[in-house]
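Take a look at the structure set out below.
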Amino acid sequence: MFRAFRSEVENAVEAALDALDLPTDDLGVEEPPEDVPATLASSVAFRLAGAVGAAPPAVAEDVADAVDIDDCEYVGRVDTQGPYVNFYVSDAYYADTLDAGRADDYGTLPPTDTSVVVEHTSANPTGPVHVGRARNPIFGDAVARVLEYAGNDVERHYYVNDAGRQVAVFTWAYETFEESDLPEPERDRADYDLVRYYRKGNEFLESAEGDVAEAAEAEIADIMQGLEAGDEETYERVAVVVDQVLGGMRTSLERLPAEFDRFVKESQFIRNGDAADVVQRLKDSEHAVYEEEAWQLDLSAFGLEKNLVFLRSDDTTLYTTRDLAHHEWKFENYDEAVTVLGEDHKLQAEQLEAALEILGNDTDTLRQTFYSWVNLPEGGMSTRKGTGVDLDDLLDESIRRAREEVEDRLGSRVRNDELDEDDIDRIAHQVGIGAVRYDIVSKQPTKGITFEWERALDFEAQSAPYVQYVHARCCGIEGEAAAAGIDASTDVSVLDTDAERDLLRDIARFPAVIEEAAEDLEPHVVATFAREFAETFNTFYRECSVLNAADEDVAAARLGLVQASRHTVANALDALGIEAPESM
RNA sequence: GGGCGCGUAGCUCAGUCGGACAGAGCGUCGGACUUCUAAUCCGAUGGUCGCGGGUUCGAAUCCCGUCGCGCUCGCCA
């Protein structure tokens, strides 16, 4: 309802300014501070004071008088407070909010008929997913979910690097070194198993000199040439490594869960000739230069100082070259493309966008969004060097601590619903994984995060369990109410306390929060909303009992409010990829 | 050194397309369970919004400068 209310307010202000012969380019519609009872306000009087020749409060009066809300359904009243014109919601606003909240998909926006491909994670298939990378699937999956809630037709893609130098090194190492020379794997799974060869290979290359180094490099170059030439046998050799490691990584990612509709291998753009086609078209462009035996793009016309090499002197393509073909494929098949990347890829992303324009693409449909790396107190994490915390270890530890919490609370539990072993297991997983996700997704992606165990696994702070608990409380009330024979109503006229009205106002805002998160690709606003909503609900919970309400009508309406609250909190959590427990 | 990002309470963070006295949680201190689940609630405490200028009726928010931290500047990805 908030979105409809806002639109009514904007139209009303614009019409009022028109009637007064004043400019309408900036309506100044904004949300007032919390202690102001209005739901929206306009600060337009400040700006018009000069032109009108009167003090802002007087102008505000004029505007308020000129505002006509007769046709408004959700604007109930207008007044002024100093220089501000304040807009209050109508009874219909509350009534329709409660009614809309009955739907279990509440918060979902109308279909946009737009297909959006969200590419995220796309980590090189070189080893287990570590926490430094884990921000990508958590943030990326939330972006995809939020876009879905906003009415888009979303596909999630993982772009698999199976054609670059790193996998060539990996393949060579896998075929060259003996298992007996390697340390024990940390887990019995392909990614943990094979990463040992990758680390060993890199170690070898760093220290090797002379003929030995040259021989190794020759073998690696041979693999890269084979890939470039479309040699089947080479693809098969590489795939042995890539598919196994990727399979292991998927197992980790699915625990979050971060699942994908499609794994797009970059080698396909070499094999189908698209990469070669891109190379030819770039060579023909006016920005192409041939320097030091390699083909490059001079991107100074796009404000980029560094040239982009798109064809090596040995005629092999680079990651970005193949990614150009990949993006043209996306443009052909989807209305919009969103890519979630680490901040270390910013320059490459700018070069990609410029090159796509040179190739004649409209890049307005491409949005590349970035997140800062998660570092350890002692520095960065690296698969190659083997430094960092594995995502599996973080999730295991989080679940373990969550289970401890559940077991600790069993004794002091008021509710007599007898949690069995399966319930404890379920809650430990929901809370443990939810806490990790919330910790990551609730922060602005541009801000750096230093990983610290105790902070990431703090269940007391502004965290997933706090929000999840509200959902469990809603489920508990609904269960008790059903047993007591109470049927929910949508009669808001008996919901007149501050706590009830505040809760309705928060429920009403939820779709607008989804809209904002999708527009800005910032799921953390949903996390902030969920936390604030939980606070509002907990106040309601304390002050407004459903089972012990003064009369049946109030009990029924409050039960309706609890249902709408449950849908709101469940879907806010779902948009973040966090499970909503029915009991805790 | 150039480019990009970040800097808000002791700590972790919201707020940043200019607007009403800068908000939470944690911590500290003090309260609330015979009540629909206390993983909860209520109160107190705590801030030169890195620093210095500028624009404006109004700046945490925009501009310039400066300091600190991160990323980046490969024929790696």
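Side chains included, hydrogens not; waters and symmetry mates left out as well; all remaining heavy atoms used.
When the P atom is used for both B:A60 and B:C17, the distance is 13 Å, rounded to whole Å. As rounded to the nearest Å, B:C6 and B:U66 have C1' atoms that lie 16 Å from one another. On the C1' atoms, B:G46 is 33 Å away from B:C64, given to the nearest whole Å. Taking atom C1' in both B:U12 and B:G1, the straight-line distance is 34 Å, to the nearest Å. Using P as the reference atom, B:C26 and B:G58 are 39 Å apart when rounded to the nearest Å. Spacing of C1' atoms, B:G15 relative to B:C49, comes out at 11 Å, to the nearest Å. Between B:G19 and B:A59, the two C1' atoms lie 10 Å apart (nearest whole Å). Across B:A39 and B:G23, the matching P atoms stand 30 Å from one another, rounded to whole Å.
In this structure, the aromatic ring of A:Y84 is positioned over the six-membered ring of the base of B:A20, centres within 5.5 Å and planes within 30°. A stacked arrangement is not assigned to A:F46 and the six-membered base ring of B:G58, the conditions of a centre distance below 5.5 Å and an interplanar angle below 30° not being jointly met.
In this structure, the OH atom of A:Y159 is 10 Å from the P atom of B:A77, given to the nearest Å. With rounding to whole Å, A:E350 atom CD is found 9 Å from B:G5 atom P. Here the C1' atom of nucleotide B:G23 and the CD atom of A:E532 are 9 Å apart, to the nearest Å. For A:L352 and B:A77, the CG to P distance is 13 Å, given to the nearest whole Å. Per the geometry, CZ belonging to A:R322 stands 10 Å off C1' belonging to B:C76, to the nearest Å. Following rounding to the nearest Å, A:R312 (CZ) and B:C76 (C1') show an atom-to-atom distance of 8 Å. Rounded to whole Å, the distance from CD on A:E543 to C1' on B:C42 is 10 Å. With rounding to whole Å, A:N307 atom CG is found 14 Å from B:C73 atom P.
The nucleotide whose nearest atom lies closest to any side-chain atom of A:K346 is, among B:G15, B:G5, B:U40, B:G5. Nearest nucleotide to the side chain of A:D344, out of B:C41, B:U72, B:C36: B:U72. Nearest to the side chain of A:V525, among B:G15, B:A77, B:G70, sits B:G15. Here the nucleotide nearest the side chain of A:P32, chosen from B:C73, B:A20, B:A38, is B:A20. The side chain of A:E405 lies closest to B:A39, out of B:A20, B:G25, B:A39. The side chain of A:H345 lies closest to B:A77 when the candidates are B:C6, B:C57, B:A77. Listed candidates were B:C76, B:A20, B:A38. Nearest to the side chain of A:Q166 is B:C76. Listed candidates were B:C41, B:G15, B:G5. Nearest to the side chain of A:T446 is B:G5. Comparing B:A20, B:A24, B:C6 by their closest approach to the side chain of A:P33 singles out B:A20. For A:K443, counting side-chain heavy atoms from C-beta on, the closest listed nucleotide (B:A38, B:C13, B:A24) is B:C13.
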Please walk me through it: do A:Y466 and A:E535 pass side chain to side chain donor-acceptor pair (under 3.5 Å)? CA-CA 9 Å; A:Y466 177 80; A:E535 273 174 33; 4.7 Å; no
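Pair check for B:A60 finds none; no Watson-Crick or G-U wobble contact set falls under 3.5 Å. Nucleotide B:A32: paired with B:U40 (Watson-Crick or G-U wobble, both distances less than 3.5 Å). Across all strands shown, B:C13 forms a Watson-Crick or G-U wobble pair with B:G23, both key distances being under 3.5 Å. Pair check for B:G7 finds B:C67; Watson-Crick or G-U wobble, both atom distances under 3.5 Å. B:G1 is paired with B:C73 under the Watson-Crick or G-U wobble criterion, all donor-acceptor distances under 3.5 Å.
Using a 4.0 Å heavy-atom criterion, one finds that A:N86 contacts the bases of the nucleic acid, with or without backbone contacts as well.
For A:E34, the CD atom counts as loosely surrounded, since its 6.0 Å shell holds 12 or fewer non-hydrogen atoms of other residues, nucleotides or ligands. Around the CD atom of A:E217, the shell of radius 6.0 Å holds more than 12 heavy atoms that belong to other residues, nucleotides or ligands. Within a 6.0 Å radius of NZ in A:K385, other residues, nucleotides and ligands contribute 12 heavy atoms or fewer.
With contacts defined as side-chain heavy-atom distances shorter than 4.5 Å, the pair A:L40/A:E31 qualifies. Counting heavy atoms from C-beta outward, A:L311 and A:T317 have side chains that approach closer than 4.5 Å.
For the OP1/OP2 pair of B:A77 and a distance below 4.0 Å, the side-chain nitrogens and oxygens of A:R384 include no atom meeting the criterion. Checking the phosphate oxygens (OP1, OP2) of B:G15, a side-chain nitrogen or oxygen of A:H524 falls inside 4.0 Å. Checking the phosphate oxygens (OP1, OP2) of B:A77, no side-chain nitrogen or oxygen of A:N124 falls inside 4.0 Å. Dashed line: the shortest gap from a side-chain N or O of A:Y319 to OP1 or OP2 of B:G74 is not under 4.0 Å. The shortest distance between the side-chain N/O atoms of A:Q348 and the OP1/OP2 oxygens of B:G74 is not below 4.0 Å. For A:Y438, no side-chain nitrogen or oxygen approaches OP1 or OP2 of B:U12 to under 4.0 Å. The side chain of A:R165 contributes no N or O atom lying less than 4.0 Å from OP1 or OP2 of B:C76. Residue A:T539 places at least one side-chain N or O under 4.0 Å from the OP1 or OP2 atom of B:C42.
Annotation: of the two residues near RNA chain B, A:C544 and A:K306, the 5′-most nearest-nucleotide partner is A:C544. Nearest-nucleotide positions on RNA chain B place A:S43 closer to the 5' end than the other of A:S43 and A:G164.
B:C33 shows a glycosidic angle within 90° of 0 and is accordingly assigned syn.
A cation-pi arrangement is absent between A:R473 and A:F537 under the rule of less than 6.0 angstrom and at most 45 degrees off the ring axis.
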